[in-house]
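Each remark here refers to the structure printed beneath this line.
Being a predicted model, the structure only gives us computed values, none of them experimental.
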Amino acid sequence: MQKIIKTEAEYEAGLERIYELMQLDIQPNSEEEAELEISSLLVKEYEKTHYPIAPPHPLEAIKFRLEQMGLKESELSKILGNRSRKSDIMNGHRKLSLSMIRTLHKKLNIPAETLILEY
């Protein structure tokens, strides 16, 4: 039976076991599949507590998402509706407004929680 990971040694052992399981040809609804799923959740919870990842800077998140979507930064003007506004925002001279955050969240699928962070 698996248990909550409390130490770094248990964490390392969990990672090793996940690796071993991933090397197998796991069948759906098997014991190995269940073990892999549970182990992954336990490791994820340990990592969330001991290795937190800070959210990205809002402007970096926008740049990254544009790159992922194969869009140029200039296309952000179309999304926000104004070329000078885009330049001011991306240069840090102007903050994102609530309507801009909503638009970016909707059109670029960037989490609103990321876009509302102070910068």
Side-chain angles (χ1 to χ4, degrees):
M1 174 169 231
Q2 295 177 322
K3 59 183 182 144
I4 294 174
I5 298 172
K6 296 179 183 175
T7 67
E8 190 70 21
E10 291 173 345
Y11 169 69
E12 292 294 332
L15 288 176
E16 285 180 32
R17 183 61 183 149
I18 289 170
Y19 179 79
E20 290 168 5
L21 289 167
M22 291 180 72
Q23 303 312 304
L24 302 175
D25 183 23
I26 295 178
Q27 300 301 311
N29 302 315
S30 65
E31 264 187 50
E32 290 86 6
E33 181 187 46
E35 182 183 355
L36 177 60
E37 186 174 353
I38 291 168
S39 295
S40 297
L41 291 171
L42 292 169
V43 164
K44 179 181 175 183
E45 192 60 34
Y46 183 86
E47 289 176 340
K48 189 169 33 168
T49 303
H50 293 85
Y51 303 106
I53 298 174
H57 187 282
L59 301 181
E60 292 303 317
I62 294 168
K63 289 176 187 175
F64 180 73
R65 188 66 181 130
L66 289 171
E67 184 180 312
Q68 278 186 321
M69 296 175 74
L71 301 173
K72 296 184 183 204
E73 197 174 297
S74 61
E75 294 180 61
L76 191 57
S77 298
K78 295 175 192 167
I79 295 169
L80 297 176
N82 188 318
R83 181 182 165 105
S84 63
R85 186 178 297 165
K86 186 262 329 172
S87 295
D88 287 345
I89 289 167
M90 296 311 283
N91 290 324
H93 300 300
R94 181 181 187 148
K95 302 290 184 194
L96 291 168
S97 69
L98 183 56
S99 64
M100 290 176 200
I101 290 170
R102 287 181 178 145
T103 300
L104 291 167
H105 171 68
K106 184 176 180 180
K107 294 192 177 185
L108 299 181
N109 200 26
I110 299 172
E113 299 82 28
T114 298
L115 296 169
I116 63 171
L117 292 173
E118 294 232 11
Y119 60 96

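Side-chain atoms of Lys86 and Glu73, non-hydrogen and from C-beta on, do get closer than 4.5 Å to each other. At least one side-chain heavy atom of Ser39 sits under 4.5 Å from a side-chain heavy atom of Gln2.
A donor-acceptor pair is defined here as one N or O able to donate and one able to accept, closer than 3.5 Å; such a pair exists between the side chain of Arg65 and the backbone of Leu108. Using modelled atom types, no side-chain atom of Glu12 and backbone atom of Ala9 make a donor-acceptor pair closer than 3.5 Å. Within the 3.5 Å criterion, the main-chain N or O of Leu36 finds a donor-acceptor partner in the side chain of Ser40. Not one N or O on the side chain of Thr114 forms a donor-acceptor pair closer than 3.5 Å with the backbone of Ile110.
Other residues, nucleotides and ligands contribute only 12 or fewer heavy atoms inside 6.0 Å of the CD atom of Glu67. The local environment of CE in Met22 is sparse, with at most 12 non-hydrogen atoms from other residues, nucleotides or ligands closer than 6.0 Å. Enclosure of atom OH in Tyr19 is not indicated, since only 12 or fewer non-hydrogen atoms of other residues, nucleotides or ligands lie within 6.0 angstrom. No more than 12 heavy atoms of other residues, nucleotides or ligands sit less than 6.0 Å from atom CD of Glu37. Residue-environment remark: CD (Gln68) exceeds the threshold of 12 foreign heavy atoms within 6.0 Å.
Residue Met100 comes nearest to Lys95 through the heavy atom pair SD-O, 4.4 Å, listed as atom of the first residue, atom of the second, then distance. Nearest heavy-atom pair, His105 versus Ala112, reported as atom, atom and distance to 0.1 Å: ND1-N, 3.5 Å. The minimum heavy-atom distance linking Gly14 with Val43 is given by the pair C-CG2, 4.1 Å. When all heavy atoms of Lys107 and Ile79 are compared, the closest pair comes out as CD-CG2, 4.0 Å.
Taking CG of Leu96 as the start and CZ of Arg85 as the end, the distance is 10.5 Å to the nearest 0.5 Å. Distance check: His57 NE2 to Glu118 CD gives 10.5 Å after rounding to the nearest 0.5 Å. Between Ile26 atom CD1 and Glu32 atom CD the span is 6.5 Å, to the nearest 0.5 Å. Between the CD1 atom of Ile89 and the OG atom of Ser97 there is a distance of 7.0 Å, given to the nearest 0.5 Å. Rounding to the nearest 0.5 angstrom, the gap separating the CD atom in Glu113 from the CD1 atom in Ile101 is 11.0 Å. Leu42 contributes atom CG, which lies 10.5 Å from atom NZ of Lys3 (distance to the nearest 0.5 angstrom).
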CA sep, side-chain torsions, deciding dist, call: His50, Tyr11, side chain to side chain contact (heavy atoms under 4.5 Å, CB included): CA-CA 10 Å; His50 293 85; Tyr11 169 69; over 6 Å; no
Verdict with reasoning, Lys48 to Glu45, per salt bridge (charged side-chain N to carboxylate O under 4.0 Å, His left out): CA-CA 5 Å; Lys48 189 169 33 168; Glu45 192 60 34; 3.4 Å; yes
Leu59/Met90 under side chain to side chain contact (heavy atoms under 4.5 Å, CB included): CA gap, chis, key distance, verdict: CA-CA 6 Å; Leu59 301 181; Met90 296 311 283; 4.2 Å; yes
Chi angles and distances behind the side chain to side chain contact (heavy atoms under 4.5 Å, CB included) call for Ser30, Glu33: CA-CA 5 Å; Ser30 65; Glu33 181 187 46; 3.6 Å; yes
Full working for side chain to side chain contact (heavy atoms under 4.5 Å, CB included) between Glu31 and Glu35: CA-CA 6 Å; Glu31 264 187 50; Glu35 182 183 355; over 6 Å; no
Full working for side chain to side chain donor-acceptor pair (under 3.5 Å) between Glu10 and Tyr46: CA-CA 10 Å; Glu10 291 173 345; Tyr46 183 86; over 6 Å; no
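Taking hydrophobic clusters as Ile, Leu, Val, Met, Phe, Trp and Tyr residues chained together by side-chain heavy-atom distances below 4.5 Å, Phe64 does not share a cluster with Met69. In the hydrophobic cluster analysis, where Ile, Leu, Val, Met, Phe, Trp and Tyr join through side-chain heavy atoms closer than 4.5 angstrom, Ile116 is grouped together with Leu76. Cluster membership for Leu66 and Tyr119, using ILVMFWY side-chain heavy atoms within less than 4.5 angstrom, is shared. When hydrophobic clusters are built by joining Ile, Leu, Val, Met, Phe, Trp and Tyr residues whose side-chain heavy atoms come closer than 4.5 Å, directly or via intermediates, Leu71 is grouped together with Leu104. Under the 4.5 Å side-chain heavy-atom criterion for grouping Ile, Leu, Val, Met, Phe, Trp and Tyr, Leu41 is not connected to Ile18 through any hydrophobic cluster.
Salt-bridge annotation for Lys63 and Glu60: present, with a side-chain N of the basic residue lying under 4.0 Å from a carboxylate O of the acidic one. Under the 4.0 Å criterion applied to side-chain N and carboxylate O atoms, Arg17 and Glu20 are assigned as salt-bridge partners.
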